[in-house]
*Asks:* 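Have a look at this one.
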Amino acid sequence: MSLKITDDCINCDVCEPVCPNHAIFQGIEIYQINPELCTECVGHFDVPQCQIVCPVACIPLDADHAESREQLQAKYQRLTERAK
Ligand code: SF4
Ligand code: SF4
């Protein structure tokens with residue numbers, strides 16, 4: 001399942017550089033997460049790095065993009081293959 005950034009985002013910029021998949025980007029008003037690139041950090045870290053650093057805790061799971069751990073692992077593998 002991808003994560004998403006809610007309207008509580010204060011544009012503090014700290015989450016974007018910690019994402020190992022470059023899934024976080026500045027949207028028109030607040031930061032956003034590309035669900036095609038977010039793996040919940042599976043493959044890179046044990047816990048979502050963006051959630052750890054966000055000072056206002058505005059990055060919940062996105063129920064609209066439900067994925068199993070196996071699917072997230074497969075996505076990680078696709079993304080790292082593409083990066084080679
Ligand atoms: S959970 Fe990990 S991969 Fe997903 S947006 Fe946050 S830092 Fe990036
Ligand atoms: S860390 Fe949280 S508040 Fe800061 S830009 Fe990212 S989502 Fe927004």
*Asks:* Closest heavy-atom contact between Cys38 and Ser2?
*Replies:*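 Scanning both residues, the minimum pair turns out to be CB-OG, 3.7 Å.
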
*Asks:* Which value, rounded to the nearest 0.5 Å, describes the distance between Ile30 atom CD1 and Asp8 atom CG?
*Replies:*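 That separation rounds to 8.5 Å.
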
*Asks:* Should Val56 and Cys9 count as side-chain neighbours, where that means a heavy-atom distance under 4.5 Å?
*Replies:*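 The answer is no, as the side chains (C-beta and beyond) never meet within the 4.5 Å cut-off.
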
*Asks:* How many angstroms lie between atom CD of Gln51 and atom SG of Cys58, to the nearest 0.5 angstrom?
*Replies:*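 So the CD of Gln51 and the SG of Cys58 are separated by 10.0 Å.
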
*Asks:* Roughly how far, to the nearest 0.5 Å, is the CD atom of Gln73 from the OG atom of Ser68?
*Replies:*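 Reported to 0.5 Å precision, the distance equals 10.5 Å.
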
*Asks:* Do Gln26 and Asn11 make a side-chain contact, defined as non-hydrogen atoms from C-beta onward lying under 4.5 Å apart?
*Replies:*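 Yes - at least one pair of side-chain heavy atoms lies under 4.5 Å apart.
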
*Asks:* Quick one: pull up CD in Gln32 and NZ in Lys4 and give me the separation to the nearest 0.5 Å.
*Replies:*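 Here the rounded value is 12.5 Å.
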
*Asks:* Can you list the residues that meet the side chain to side chain donor-acceptor pair (under 3.5 Å) rule with Glu67, with sequence neighbours excluded?
*Replies:*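 By the side chain to side chain donor-acceptor pair (under 3.5 Å) rule, Glu67 matches Lys75.
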
*Asks:* With sequence neighbours excluded, what pairs up with Asp13 under the side chain to side chain donor-acceptor pair (under 3.5 Å) test?
*Replies:*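 Asp13: side chain to side chain donor-acceptor pair (under 3.5 Å) contacts with Tyr31.
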
*Asks:* Applying side chain to side chain donor-acceptor pair (under 3.5 Å), can you list everything that pairs with Asp64, at least two apart in sequence or on another chain?
*Replies:*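 Asp64 satisfies side chain to side chain donor-acceptor pair (under 3.5 Å) with no other residue.
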
*Asks:* Which of these, Leu3, Ile5, Val18, sits in a side chain to side chain contact (heavy atoms under 4.5 Å, CB included) with Ile24?
*Replies:*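 With Ile24 as partner, side chain to side chain contact (heavy atoms under 4.5 Å, CB included) holds for just one option, Ile5.
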
*Asks:* Report the residues that fulfil side chain to side chain contact (heavy atoms under 4.5 Å, CB included) with Pro55, sequence neighbours left out, ordered by chain and then residue number.
*Replies:*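 Only Ile10, Cys12, Val14 meet the side chain to side chain contact (heavy atoms under 4.5 Å, CB included) criterion with Pro55.
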
*Asks:* Test of understanding: with side chain to side chain donor-acceptor pair (under 3.5 Å), list the residues that count as partners of Asp62, not counting sequence neighbours.
*Replies:*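 Residues passing side chain to side chain donor-acceptor pair (under 3.5 Å) with Asp62: His65.
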
*Asks:* With a 6.0 Å cut-off (strictly less than), is the heavy-atom count around CG of Asp7, excluding the residue itself, greater than 12?
*Replies:*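 It does not: Asp7 CG has 12 such atoms or fewer within range.
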
*Asks:* Can you measure from CG (Leu37) to CZ (Arg78) and round to the nearest 0.5 angstrom?
*Replies:*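 Answer for the CG-CZ pair, Leu37 versus Arg78, is 10.5 Å.
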
*Asks:* Just to verify, what does Glu36 make a side chain to side chain contact (heavy atoms under 4.5 Å, CB included) with, not counting sequence neighbours?
*Replies:*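 Glu36 satisfies side chain to side chain contact (heavy atoms under 4.5 Å, CB included) with Asn34 only.
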
*Asks:* Can you tell me how far apart CG (Asn21) and NE2 (His44) are? Round to the nearest 0.5 Å.
*Replies:*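 Reported value, rounded in 0.5 Å steps: 4.0 Å.
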
*Asks:* Should Val53 and Phe45 be counted in the same cluster of Ile, Leu, Val, Met, Phe, Trp and Tyr side chains packed under 4.5 Å apart?
*Replies:*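 Unlinked, Val53 and Phe45 end up in two clusters.
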
